[in-house]
Amino acid sequence: MEAKAFYAPENRTFKRLSGAMERCIHKTDRCHAQGWRFAASLANRASMDVPAKPRNHLYLVDGSAYIFRAYHRLPPLTNPQGVPVGAVYGYTTMLWKLAEDLHAADGPTHLAVILDKGSVTFRNELYDAYKANRPPPPEDLVPQFPLIRDATRAFSLACIEEAGLEADDLIASYTRAAAAQGWDVTIVSSDKDLMQLVGEYPGGGRVDMLDTMKNQRVFIPEVVDKFGVPPEKVGDVLALMGDAVDNVPGIRGIGPKTATKLIQENGDLETALANAPAMKAGKLRESLIEQADMARLSRKLIALKDDCALPIPLDDFTLGPIPPDPLAAFLGEHGFTSLLRKLGTRETAAPAARTTGAPAPAAPTAPETGNRQPLPEWPAIDTAAYPCVQDEADLEEWIARAQAAGLVAVDTETSALDAVGADLVGISLATGPGAACYIPLGHGNTTDMFAERPRQIDKARALALLKPLLEDDSVLKVGQNIKYDLTVLARHGIAVAPIDDTMVMSFCLDAGRGEPMPFGHGMDELAERHLGHTTIKFKDVAGTGKKAISFAEVPLPDATRYAAEDAEVTWRLHAVLAPRLAEEGGTRIYQRVDRPLVQVIATMEGHGIKVDRERLATLSGEFATRIAALESVIHEKAGTTFTIGSPKQLGEVLFDKLGYKGGKKGKSGQYSTDQSVLETLASQGAEVATLVLEWRQLSKLKSTYTDALQAAINPATGRVHTSYSLVGAQTGRLSSNDPNLQNIPVRTEIGRQIRDAFVAEPGHVLLSADYSQIELRLAAHIADVPALREAFAHGEDIHARTAMELFGEVNRDTRGRAKTINFAILYGISRWGLATRLGTSADEAQAMIDRYFERFPGIQRYIHETLEHVRDRGYSETLFGRKTWFPRIASKTQAERAGSERAAINAPIQGTCADIIKRAMARMTPALVEAGLGHVRMLLQVHDELVFELPESDVAAASAVIERVMATAAEPAVKLSVPLGVEIGTGPSWGAAH
DNA sequence: CTACTCACG
DNA sequence: GACGTACGTGAGTAGC
């Protein structure tokens, strides 16, 4: 306990599940390349889909087609290793040009590269000669294909390829999907087949094409120009013409001119074929009649399949910041020096530029584990070399460097762990590998009046200099658990933005991964795993236990090594994780859900909630009296004095000394004395058991709540400030700690008194808004269960409806059983579990499960499909694309496997619920502000509940806004087939608001 | 540091 | 025939 108060925030240890699982926190970064400064502001812009956003514009790059053209048009360049890279160079310059268009008003907001997978497709089944006459690609083009993927990755862009589908079909499918939602689409290709897709779409989207080589836009007039017909008739023209390259037969003797003329005159292919017999006799008439079937086949071959399943959702193509380092590494590796020069500027240029010509390393990624090795161009981390910034001129230089880079990793050091109470001791910055510094600001400010105070810049002055950088829209601030730094800096009047958080990025990529235990997302662990680097530990500079010192007392050389390293590590982690988000489909959940939440949570934590200390103290006293009374009675009945709180001693007293039956020992050889055991004993007339149960309840309430909460009141604010973890729960839920405000009692009358101690300020009230039955509603939607959907649509009592379906009648008993079964479903059912809960035999439980599946057939299908998906891909997904990994789904150990299966069934439902309330939270403040309710404060989140504090007079107006934001939180990304019910209550205390 | 117990959704 | 009985958390206490 005493050590805790001295931990630096970045080493903060949260979890105590089993062993100490670290959940770390940190920050770092760096960058260069003035040409890329748009990245930071772009990252900011992409964060939420509410309120107003710029019109979405999706660019789909036909990568495979491009590479062939580039190969033939460019000279045969080779890279320093002698590998031919001419086509790759062409491709790279094309991506570069597109990236430059990001500035333009109609530039891309989303972008994906589509590649051919080079496999057999459905067209080969239609016509086995399809594309059969293609010559093999030239020998010096073959090695360039994989490099296309590298180039794409270097830009951190999404790349799609799917076996059994041609790039054209994927492009058509994405085009249709995007245009239907009203997005604009630009297809970057010159393939005439794709011209079929050009036009205005019913959803409001506008689709055009871009030929980057000719720098030419193709819209309806250009298509008509080329084919003489509008886009929707292009397929008919092509079917008559055929296509020599793809070996589409068409009709022999008909070329572009004749084909166009025939379609213009007849309107479409079928009419043209039907009218053929009426044409004037001749070769054309005969060909049309004879080869009509060939034309029809050709039409099918040319038709684009626009209903393919989209392997990656559109939202994942959101353009985020393009980290310069992977790009610099790639350009350097292949000797693309002119682009490299454009990218890198002055001494902060990517080190990759200096190592051009180094042998290309083996593929560094290990996607199956989520690990990635450091980019080889980086020098090893040298903690001895960091400068300690002690005068203003140096600080200004670092600020300028960060400004030029457009991306800076930031880490704050404080005197204690508590973000709301701790003092700022120093700030570290990093702008690249080997480019990090530490700025001490509060060293020597200790209680030791003889301590030397080292030379450092005045804190207020330094913060004034840093403020413009930290608030600059065009500079991305990267942190490891940057929520902590936001909170600390907010107290100094600095509103840090825009931000990225490597801890949250790691969570969006790797939640649940790792064996035998899931990986943590703390900095030390991430550094070890992704960078192969062992960080300096906080205890190495500050000591541990009673001898630990505050960071303010750490000598500057040690503090500098430690703090600047954290910033540099964070910077490197960002360079590793940012491209992975794009590659692995994590962008959508990160950019649209979790990243916007970081600031929201920081603000909530900063508010805290008022707790009535007197009331808690009174409760503590009452509980203590009752506990003491119970204790003596228990000892008397037991005939011995023992520690009631010791399960070991209690078990021995109950089962050995008093001789009660039903003692079962676990694998540790100890009797179980948990609630269910004691209740059984109590029902058999064991009064001691009843007394112990009451004793347990009261001591739990006293120690965990009435005592601990008083101690948690922040002396400066008079309120309790919990800390939420965004990476605590594998499903995407938040967790709350220090103290945990998500498990305040509510289920029993005596426990609920504790909620009455959570109060509003005078003249204010607390407002509690919670989603009603949200998990069951989402199950009804996700599993597509008509009976449940209907019940929710009509506002029925869902458990009663289930009882009716299962038992044919509704009464207290059947409704209760139905409720149990409904929950069992959400948790991944087993007949034994259900039998235990219902107090029936496993056979009866099984019969009920069967009946449930029969009445609600979607459920069984959902379970089956979810497990297939997880076994196949390793992870489950929520409706919003959040992945949770289940590496033990194929474990040889039955229990492990079964446990993973149950968790996997639950995760999409629990996780979607978490996504929805997170979206609601991210939109809440803007919505309240818009309604003139900017002073309404959101204080707490308890999984399906939000708690606000507001003036009593604003209750009606605020309730309307809150209800609307919560009920519509899934939209527009997901259209739910069930309504989301929100229940709102208000009162002077949390207890009264329920 | 681990196991047990129990508070919440 | 069984995974040893639901999913996800955090925290306090006893005891090695």
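In what follows, chains carry the letters A, B, and so on, assigned in the order in which the sequence lines appear, proteins first and then strands, with residues in each chain numbered from 1.
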Return the orientation label for the A:His994 and A:Trp990 ring planes: parallel under 30°, perpendicular over 60°, tilted otherwise.
-> tilted
A:Ser699 and its side chain to side chain contact (heavy atoms under 4.5 Å, CB included) partner, picked from A:Ile644, A:Ile627, A:Leu630, A:Thr704 = A:Ile627
Spell out, as yes or no, whether a donor-acceptor pair under 3.5 Å connects the side chain of A:Arg719 to the backbone of A:His607.
-> yes
Mind checking the C1' distance from B:dC6 to C:dA2? Whole angstroms is fine.
-> 29 Å
Is the CD atom of A:Glu687 crowded by more than 12 outside heavy atoms at less than 6.0 Å?
-> no
A:Lys918 (side chain) donor-acceptor with A:Leu734 (main chain) under 3.5 angstrom | no
Quick one: pull up CZ in A:Phe792 and NE2 in A:His781 and give me the separation to the nearest 0.5 Å.
-> 13.0 Å
Determine the Euclidean distance between corresponding P atoms of C:dT5 and B:dT5; express it in Å to zero decimal places.
-> 12 Å
Nucleotide pairing, DNA chain C (Watson-Crick or G-U, distances under 3.5 Å), in dot-bracket with [ ] and | = ......|||||||||.
Please check the phosphate of B:dA7 (OP1 and OP2 only) for any side-chain N or O of A:Arg747 closer than 4.0 Å.
-> no
Rounded to whole angstrom units, what separation is found between the NZ atom of A:Lys700 and the P atom of C:dA11?
-> 10 Å
Nucleic acid contacts - residues 622-632 of chain A versus DNA chain C, non-hydrogen atoms under 4.0 Å | none
Rounded to the nearest Å, what distance is computed from the CD atom of residue A:Glu775 to the P atom of nucleotide B:dC8?
-> 16 Å
Roughly how far apart are A:Arg871 CZ and A:Thr866 OG1, rounded to 0.5 Å?
-> 10.5 Å
With distance as the sole test, does A:Gln941 use its side chain to make a donor-acceptor pair with the main-chain N or O of A:His943 at under 3.5 Å?
-> yes
Pick the nucleotide of DNA chain C nearest each of A:Arg831 and A:Leu834; which residue has the one closer to the 5' end?
-> A:Arg831
A:Asn906 (side chain) donor-acceptor with A:Leu826 (main chain) under 3.5 angstrom = yes
Does C:dA14 have OP1 or OP2 sitting under 4.0 Å from an N or O in the side chain of A:Thr643?
-> no
Give me the one residue out of A:Asp656, A:Val677, A:Leu654, A:Leu650 that meets side chain to side chain contact (heavy atoms under 4.5 Å, CB included) with A:Tyr671.
-> A:Asp656
For A:Ile744 and B:dC6, what is the distance between atoms CD1 and P respectively, to the nearest whole Å?
-> 18 Å
Under 4.0 angstrom, heavy atoms only, what part of the nucleic acid is A:Arg696 near: base, sugar-phosphate, or nothing?
-> sugar-phosphate
Over how many whole Å does the gap from A:Phe823 atom CZ to C:dG8 atom C1' extend?
-> 13 Å
Between A:Phe507 and A:His521, what is the ring plane arrangement, given parallel below 30°, perpendicular above 60°, and tilted in between?
-> perpendicular
A:Gln649 side chain N/O closer than 4.0 Å to the phosphate oxygens (OP1, OP2) of C:dG15?
-> yes
Specify the residues of residues 840-849 of chain A, ordered by number, for which at least one heavy atom lies under 4.0 angstrom from an atom of DNA chain C.
-> none
Using a cut-off of 4.0 Å on non-hydrogen atoms, how would the nucleic acid contact of A:Leu826 be classed: base, sugar-phosphate, or nothing?
-> nothing
Have a look at A:Glu945 and say if it touches a base, only the backbone sugar-phosphate, or nothing, with a 4.0 Å heavy-atom cut-off.
-> nothing
In whole angstroms, how far is the P atom of B:dG9 from the CG atom of A:Asp915?
-> 20 Å
In whole angstroms, how far is the C1' atom of C:dA6 from the CZ atom of A:Arg817?
-> 17 Å
Could you measure between the two P atoms, the one in B:dC4 and the one in C:dA6, and give it in whole Å?
-> 15 Å
Does A:Ser735 make a side-chain N or O approach to OP1 or OP2 of C:dG8 shorter than 4.0 Å?
-> no
Which part of the nucleic acid, if any, lies within contact of A:Ala824, taking any heavy atom under 4.0 Å across all strands shown: a base, the sugar-phosphate backbone alone, or nothing?
-> base
Can you tell me how far P of C:dC3 sits from OH of A:Tyr827, to the nearest Å?
-> 24 Å
NA contact type, A:Thr820, heavy-atom cut-off 4.0 Å: base, sugar-phosphate, or nothing?
-> base
Whole angstrom is fine here: how far is it from CG in A:Leu734 over to P in C:dT9?
-> 12 Å
Tell me what A:Ser736 touches on the nucleic acid: a base, only sugar-phosphate, or nothing, going by heavy atoms under 4.0 Å.
-> sugar-phosphate
Contact class for A:Thr673 vs. all strands (heavy atom < 4.0 Å): base, sugar-phosphate, or nothing?
-> sugar-phosphate
Name the closest nucleotide to the A:Arg837 side chain, picking from C:dA6, C:dT5, C:dA11.
-> C:dA6
Geometric cation-pi criterion A:Lys883 and A:Tyr875, 6.0 Å radius, 45° cone | yes
Between A:Glu949 and A:Lys610, is there a side-chain N and carboxylate O pair less than 4.0 Å apart?
-> no
Of A:Gln894 and A:Arg733, whose nearest nucleotide on DNA chain C comes first from the 5' end?
-> A:Gln894
